[in-house]
Amino acid sequence: MFRFTTGDRADLYGAILRAFGAANERLETALGLDEVRTRLRTVGWPAAIDDEDLHEALKQLRRWELLDVVQNHAENYRTAEEYERRNLQYSLTRRGEAAFAGVEHALTVLASTGALQTAVLEAITDRLDELYGLAGEPSSASVDRRIFSTLQELEGHLEALLDNTKAFNGELQRLLRAEGADLGVFREVKAATVAYLQEFLVNLDQRGHGVAEAVARVEERGIAALQVRALRGAELPPVSEEDPGTAWLERRRARWAGLRAWFLPVDGARPRVDQLHDVARRAIVSLLQVLDRITESRRRSSSAVQDFRELARWFAAAPGEDGLHRLWTVTFGLGPARHAHLAHPDPELVPSSHTWDEAPPVEVSALLRTSGRTERFTRTGRVRDVTAVKAARAEQARRERAELQEAWRTLRTDDGPLRLSDFGVLDEASFERLLDLLGRALSTRPDRSGARRAGTSDGRVEITLTPPADGRIAELRTEKGVLRGPDYLVHIDTVSGRGPASAPILRQSRREAAGRHEAAG
């Protein structure tokens, strides 16, 4: 099937198949000789080719069963030459379509790098929620068609997640093994990859649990019945061999089983999305270790090889044997045993004529083996009283925690979404928290309604930004300056629940400011 990719005329064969592929995109299934030559110029084949070479190339593709030829009996031919040129019509066979698609897929895989996209997880959750809603509606032609299209979108998002994850994991492993000459660029690539992985891991567990819960909700309404309704909405064409619906349903069941394996395994095993979490964390650790080695290698002014070469020159320049021994001792520290001065507790019991292997062993202190000093028993040092330090640190932690909770209570919009301009004048702590939330929300992609959602790293505070319909500009004044930007509709809430009413004066000023905006509008 892929023999056209090798040999002397592989470029011409590939260009011909690309020409037929471009024609198929325009719903032109058969091409004559002149049309093939015209299509070759459109796919980037600049060289001129005569009729004999083109005929031979088409015949060879026919022998490989990549092209089929039929006679065009619907045309009226005025001359014999016109009959020879326009009678034969060439088209791709099933093998030809498969071969062309295989080469295109291989080139796409070579050019792709893969990505870890949390937006795909959110899209999967959205499609599952749509299926859950459609499953509760009564069966009709329009609803079944919407179920079919939603199911196709869900499987497309799942396939994109799998393909991108496999491609990115392969690139990541190659990056861990790669060694480059330009250590500066290499270090920047690894540092950027670490930041990319850390950003992907934020709220990954929460998104994975969201998909698993959505899968469970859909299955409560019956996934088998939903797939049957999707089959009716697919409106498959009839075939003479067998019913295509059976194979179609089997593919849907296999895709759904793959979705469950990733987020909600039937046997209670660990979901694959958690394994992806572990792979990303291990990659971060490995990349950081490689970065440390690169940094250490760049910091060293010389290597061990250069050090030994310099030492060899010193040995060669030594004035005598005594100098060589001193240099050896200073360099490697291989002097006499440090415990040689130790003696038996009663030396008179050991005759001086005994050799070392005949004499009883001498007890050597562990401290002497490690530091070169024997034990010295002295008074125990006084233990420092850290009670005051612990109390001061605990008080500082309580104060910081109280300031943080007060800032969240100040920013929380209990009475519904507010304009950004309604916050008015903020203290420094509240403004920094608000600015952090705005940055997190603006870094996410908007949903279909245009709203952006984000949360803090601990998941306790969530923000929703909706763009202003009137294009109004907001100004927030702080002690450090003025922040200007679109007057977003802001909704901030804490996941832990509603707390006691705090900062009532600020809440009342917000409501009054909101009333003034509505009156001005």
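This one's a predicted model, so the numbers in the text were calculated from it and none came from an experiment. This chain uses plain numbering: 1 for the first residue, then up along the sequence.
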State which residues pass salt bridge (charged side-chain N to carboxylate O under 4.0 Å, His left out) with [X]; sequence neighbours excluded, sorted by chain then number.
X: Arg309; result: none
X: Glu213; result: none
X: Glu358; result: none
X: Arg272; result: none

Which residues pass the side chain to side chain contact (heavy atoms under 4.5 Å, CB included) test with Leu134, not counting sequence neighbours?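 Checked Leu134 against side chain to side chain contact (heavy atoms under 4.5 Å, CB included); matches are Glu137, Val143, Arg146, Ile147, Thr150.
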
Does the side chain of [X] reach to within under 4.5 Å of the side chain of [Y], using non-hydrogen atoms?
X: Pro265; Y: Pro271; result: yes
X: Leu438; Y: Tyr488; result: no
X: Arg452; Y: Thr464; result: no
X: Leu154; Y: Leu259; result: yes
X: Leu162; Y: Trp262; result: yes
X: Leu161; Y: Val120; result: yes
X: Val461; Y: Ile492; result: yes

First locate atom [atom1] of [X], then atom [atom2] of [Y], and finally report the distance between them rounded to the nearest 0.5 Å.
X: Leu465; Y: Leu442; atom1: CG; atom2: CG; value: 5.5 Å
X: Thr125; Y: His157; atom1: OG1; atom2: NE2; value: 10.5 Å
X: Ser421; Y: Glu475; atom1: OG; atom2: CD; value: 9.5 Å
X: Glu159; Y: Gln152; atom1: CD; atom2: CD; value: 10.5 Å
X: Leu327; Y: Phe315; atom1: CG; atom2: CZ; value: 4.0 Å
X: Leu476; Y: Leu483; atom1: CG; atom2: CG; value: 5.5 Å

Glu220 bridged to Arg217 by N-O distance under 4.0 Å: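 Not counted as a salt bridge, because no side-chain N and carboxylate O are separated by less than 4.0 Å.
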
Less than 4.0 Å between a side-chain N and a carboxylate O, is that true for Arg326 and Asp322? no

Side-chain donor-acceptor contacts of residues 444-451 below 3.5 Å, not counting sequence neighbours, with atom names and distances?
| residue | atom | partner | partner atom | Å |
| --- | --- | --- | --- | --- |
| Thr444 | OG1 | Ala441 | O | 2.6 |
| Thr444 | OG1 | Arg453 | O | 3.4 |
| Asp447 | OD1 | Ser449 | N | 3.2 |
| Asp447 | OD1 | Ser449 | OG | 2.8 |
| Asp447 | OD1 | Gly450 | N | 3.1 |
| Asp447 | OD1 | Ala451 | N | 2.9 |
| Asp447 | OD2 | Ser449 | OG | 3.4 |
| Asp447 | OD2 | Arg453 | NH1 | 2.3 |
| Arg448 | NH1 | Glu130 | OE2 | 3.2 |

Quick one: closest heavy-atom pair of [X] and [Y], and the distance?
X: Phe148; Y: Ala230; value: CB-O, 3.6 Å
X: Phe263; Y: Ala212; value: O-CB, 3.5 Å
X: Arg255; Y: Leu158; value: O-CD2, 3.8 Å
X: Arg229; Y: Ser139; value: NH2-CA, 3.4 Å
X: Arg270; Y: Asp274; value: NE-CB, 3.5 Å
X: Leu151; Y: Leu131; value: CD1-CD1, 4.1 Å

Does the side chain of Glu155 come under 3.5 Å of the side chain of Trp256 through a donor N or O and an acceptor N or O?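 No - no donor-acceptor pair under 3.5 Å links their side chains.
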
Please walk me through it: do Leu324 and Trp328 pass side chain to side chain contact (heavy atoms under 4.5 Å, CB included)? CA-CA 6 Å; Leu324 291 174; Trp328 175 272; over 6 Å; no

Side-chain donor or acceptor of [X] paired with backbone N/O of [Y] under 3.5 Å:
X: Arg221; Y: Ala135; value: no
X: Asp422; Y: Arg419; value: yes
X: Asp487; Y: Leu420; value: yes

Can you tell me if CD on Glu310 sees more than 12 non-hydrogen neighbours from other groups inside 6.0 Å?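 Count over threshold, so yes.
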
